[in-house]
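Sequence lines set the chain letters: A, B, ... in the order given, protein chains first and strands last, and positions in each chain run from 1. Any value given below was found using the heavy atoms of this structure, including those in side chains, with hydrogens, waters and symmetry copies removed.
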Number of protein chains: 2
Amino acid sequence: MTDQNIKIAVDAIVFGYEKGMLYVLAVQQRFGKLADRWVLPGGFILNDEPLLMAVERELKEEAGITVNYLEQLGTFGDDVNRDERFRVISVAYFALVNPKNFVLKADTDAKDAKWFPVTGIPQLGYDHNEMVNLAHQRLKSKLTYQPIGFDLLDQEFLFSDLENLYCSILERDIDRRNFRKKILSFGIVTETDKVVKIGASGRPGKLFTFDKEKYNQLLKENFQFDIRFA
Amino acid sequence: MTDQNIKIAVDAIVFGYEKGMLYVLAVQQRFGKLADRWVLPGGFILNDEPLLMAVERELKEEAGITVNYLEQLGTFGDDVNRDERFRVISVAYFALVNPKNFVLKADTDAKDAKWFPVTGIPQLGYDHNEMVNLAHQRLKSKLTYQPIGFDLLDQEFLFSDLENLYCSILERDIDRRNFRKKILSFGIVTETDKVVKIGASGRPGKLFTFDKEKYNQLLKENFQFDIRFA
DNA sequence: TAACTTTGTGTTGTTTTAACACAAATTAGA
DNA sequence: TCTAATTTGTGTTAAAACAACACAAAGTTA
């Protein structure tokens, strides 16, 4: 069975959130059969390179970013005719980043890198749209049982930012008071003493931070983050 | 990047349940560096073979079984020195089967195939113990939010069978009355009119079946299976 | 026939969730 | 500078879900 003619790639579905909108990062291919087509950032792994490292490298190379959260999503390999020369199997990774932290810059293989709103993703090369859909579902469900929303926000945020993030990603209304009560009851979000006004008008609000250490500590005591409410 | 020297394999973590005990299927290698060592069933995929098919083929070949449930678990590939000739990346699959339905028979590459209790799994080759641990966690958590326990039981089962399955896999006590109430409230478990006594003594019980069609129908109506209770 | 085993069944107090409104701090504009 | 508009901040209550709990019925074994 060593006559296998298959190559392994990694691809990343990177989500970014800004002003109530959820975005996915795509890059425009410079070379190859799909030159000029938009695809997910990614590429072939090196012989002695761990998978996670390969993703991080590609994200750095193709878009100039370092993500806040990264986990394996799944492996896609049944698109046998993706490339003429050999079959390609791709390990897809799910990633979260705060777009404000970076200026996208396409470096090596990529001609351009761009944020697309999840609601308006163009037809991507390969089976990348399928990957995006799966990742999007993963984001939605994970938001309810793991505190990953914070990886999309600034380190210091208004409570309304967090609330809007949940509303817009989960696409439903949330009772502001119940939401606040629930989140605060976990004890993993800390109120700072900074008060700011960000929007055009309205009462200034306090800034909050996510206390990751507290969360990790609670995890050991069998704490279960869970936001499923009206 | 086409000088990649990496081969792709699939491996399966197959769980079986019988009389209150949870088992994992392992096979004994006949050839190669790890001859005689126990490993998970699996092997290299063929050039034009979808991943899922490869797993099913290997399970058939190496142990003579067809599983009830099969899903991708994750891809393991950082054990760069698993094989001297090339790096191997393995896509692990999570599977459930009712051991009663099959007689294990090692066919081609495997010298033997055997059920090991999860509590007493020997040291397996490669990074297979790590895969088993991850799969075991997946089983435990999935049991609470997806009705997969039925794939481990006979088609017709006593309520106490289901209850014992949950108790033993989740390793905790369950209130028999609350459990029954909750499960029945979903409406996905149907009472048959058959009454049997199976154990040595005691009052005979009714047999139940899992109504998969009803479940699929409920899924469309946003039903959420969920068993998390005392 | 008495002791043992397993199935089957309801009620109640406690906890969690859902629904709901108004005052305080600020800006914008008349 | 006053009024309208905007955003933050805060408690209560009714309804639903959950947890805890015991005893009778149907069979087997000794």
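Side chains of A:Y69 and A:E71: a donor-acceptor N/O pair is present below 3.5 angstrom, by distance only.
We find that CZ of B:F179 is positioned 16 Å from P of D:dA20, with the value rounded to whole Å. In this structure, A:L158 atom CG and C:dA25 atom P are separated by 17 Å, rounded to whole Å. The distance from atom CD1 of B:I174 to atom P of D:dC18 is 14 Å, rounded to the nearest whole Å. Here D:dA16 presents its P atom at 20 Å from CD of B:Q224, a figure rounded to the nearest Å. Distance A:F157 CZ to D:dT8 P: 13 Å, rounded to the nearest Å. Between A:F208 atom CZ and D:dT7 atom P there is a gap of 18 Å when expressed in whole angstrom units. The CG atom of A:N164 sits 11 Å away from the C1' atom of D:dT7 (whole-angstrom rounding). Between B:L184 atom CG and C:dT7 atom P there is a gap of 14 Å when expressed in whole angstrom units.
With hydrogens and angles ignored, a donor-acceptor pair under 3.5 angstrom links the side chain of A:R203 to the base of D:dT8. Residue B:R228 places no side-chain atom within donor-acceptor reach of the base of D:dA17, judged by atom type and a 3.5 Å distance cut-off alone. A:R176 contributes a side-chain N or O that forms a donor-acceptor pair with the base of D:dG9 under 3.5 Å.
For A:S201, no side-chain nitrogen or oxygen approaches OP1 or OP2 of C:dA28 to under 4.0 Å. The shortest distance between the side-chain N/O atoms of B:R180 and the OP1/OP2 oxygens of C:dG8 is below 4.0 Å.
For B:R180 and B:D175, the salt-bridge test fails: no basic side-chain N is under 4.0 Å from an acidic carboxylate O.
Comparing A:P204 and B:D161 by the nucleotide of DNA chain C that holds the closest heavy atom to each, the one mapping nearer the 5' end is B:D161. In terms of position along DNA chain C, the nucleotide closest to A:K182 lies nearer the 5' end than the nucleotide closest to the other residue of the pair A:K182 and A:K197.
In plain terms, the two heavy atoms of A:L51 and A:Q72 that are nearest each other are CD1-NE2, 4.5 Å. The two residues B:F150 and B:V189 make their nearest non-hydrogen contact at CZ-CG2, 3.7 Å.
Of the candidate nucleotides C:dA19, C:dG8, D:dG27, C:dA19 has the atom nearest to the side chain of A:D175. When the nucleotides D:dG11, D:dA19, D:dT8 are ranked by their closest atom to the side chain of B:N178, D:dA19 comes out on top.
Ring centers of A:Y23 and A:F15: at least 6.0 Å apart, outside the cut-off.
Within 4.0 Å of B:K206, counting heavy atoms only, lie sugar-phosphate atoms of the nucleic acid but no base atom. Residue A:K181 is classed as a base contact, given a heavy-atom separation below 4.0 Å to a base.
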